[in-house]
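This is a predicted model, so every value here is computed, not measured. Atoms considered below: every heavy atom in the structure, side chains included; atoms not considered: hydrogens, waters and symmetry mates. Just so you know, residue 1 is the first one in the sequence shown, and it goes up from there.
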Amino acid sequence: MRNLSDIAEEYDFLEGDERYRLLIELGRDLEPMPDALKTDATLVRGCSAAVWVYPTGDAANLHFLADSNAAITKGIVALVIAAVQDRPASDVAAMDITATLEPFDLKNQLSSNRTQGVPNMIALVQEHAARIAAG
């Protein structure tokens, strides 16, 4: 997975439909999430599409598997995951993920139903991180 600063640089260079294509490409590049992990327990509430997030790794190196059944939403999921992937759980728990994603201006680039679940996904990621960091 590409790092968030590289993605932001490319995203800033693009316009309109090209940005959608980049999001779709990012979603395709997500590490595959086994179907067995796509359960009610890993489902992110409040998303218009189905989104699943599952933490792996440990407190020193938190890793997430994630997926969505909608291509653009999956790209947004990939952005959130790129912001937190393989970082210490305590860093992820304390991180301002919303501010980290501001360069992508998702609220103005995408319809509201595509972005309404983003705060819920961020909250879930941070809850997982805080729980893992606490041991």
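- A salt bridge does not link D29 to K74: none of the charged nitrogens lies less than 4.0 Å from a carboxylate oxygen.
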Using distance only, find each side-chain donor-acceptor pair of residues 49-59 under 3.5 Å and give its atom names and separation, not counting sequence neighbours.
from	atom 1	to	atom 2	distance (Å)
T56	OG1	H63	O	3.2
D58	OD1	A60	N	3.0
D58	OD1	N61	N	2.9

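- In this structure, CG on L106 lies 11.5 Å from CD1 on I72, to the nearest 0.5 angstrom.
- The nearest pair of heavy atoms linking P32 to P34 is O-CD, 3.8 Å.
- Under a hydrophobic-cluster definition in which Ile, Leu, Val, Met, Phe, Trp and Tyr are linked whenever side-chain heavy atoms come within less than 4.5 Å, directly or via other members, M33 and L30 are assigned to different clusters.
- Side-chain N or O atoms of R19 include one that pairs as donor or acceptor with a backbone N or O of L14 at under 3.5 Å.
- Put simply, CE on M95 and OG on S90 are 12.0 Å apart, with the number rounded to the nearest 0.5 Å.
- Annotation: the span from L79 atom CG to L22 atom CG amounts to 7.5 Å, rounded to 0.5 Å.
- Look at E9 and R2 and you find no salt bridge, because none of the NZ, NE, NH1 or NH2 atoms lies under 4.0 Å from a carboxylate O.
- Open room surrounds CZ on R28; 12 or fewer heavy atoms of other groups in view lie less than 6.0 Å from it.
- Between V125 and the options V84, L62, V44, a side-chain contact (heavy atoms from CB on, under 4.5 Å) holds for only V84.
- Hydrophobic clustering places Y20 together with L101 (ILVMFWY residues linked when any side-chain heavy atoms are closer than 4.5 Å, directly or through intermediates).
- Contact detail for Q126 and V92: the closest heavy-atom pair is NE2-O, 3.0 Å.
- Hydrophobic clustering, with ILVMFWY side chains joined whenever heavy atoms are under 4.5 angstrom apart, groups Y11 together with I24.
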Decide yes or no on side-chain contact (heavy atoms from CB on, under 4.5 Å) for E25 and L23, but give the supporting numbers first.
CA-CA 5 Å; E25 179 183 321; L23 288 173; over 6 Å; no
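- Note that CD1 of I81 and CG of L26 are 12.0 Å apart. Values are rounded to the nearest 0.5 Å.
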Evaluate the side-chain contact (heavy atoms from CB on, under 4.5 Å) criterion for residues I7 and F104: first the C-alpha distance (whole Å), next the side-chain angles of each, then the deciding distance (0.1 Å), finally the verdict.
CA-CA 9 Å; I7 297 167; F104 297 95; 3.7 Å; yes
Give the C-alpha distance, both sets of side-chain angles, the deciding distance and a yes or no for side-chain contact (heavy atoms from CB on, under 4.5 Å) between D35 and D67.
CA-CA 10 Å; D35 287 340; D67 200 359; 5.6 Å; no
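- Although no hydrogens or angles enter the test, the distance criterion places a donor-acceptor pair under 3.5 Å between the side chain of Q85 and the main chain of F64.
- Put simply, CG on D96 and CD1 on I122 are 8.5 Å apart, with the number rounded to the nearest 0.5 Å.
- Of the possible donor and acceptor atoms, none in the side chain of T100 sits under 3.5 Å from a partner among the backbone N and O of A83.
- Transitive grouping of hydrophobic side chains (ILVMFWY, heavy atoms separated by less than 4.5 Å) keeps V77 and L65 in distinct clusters.
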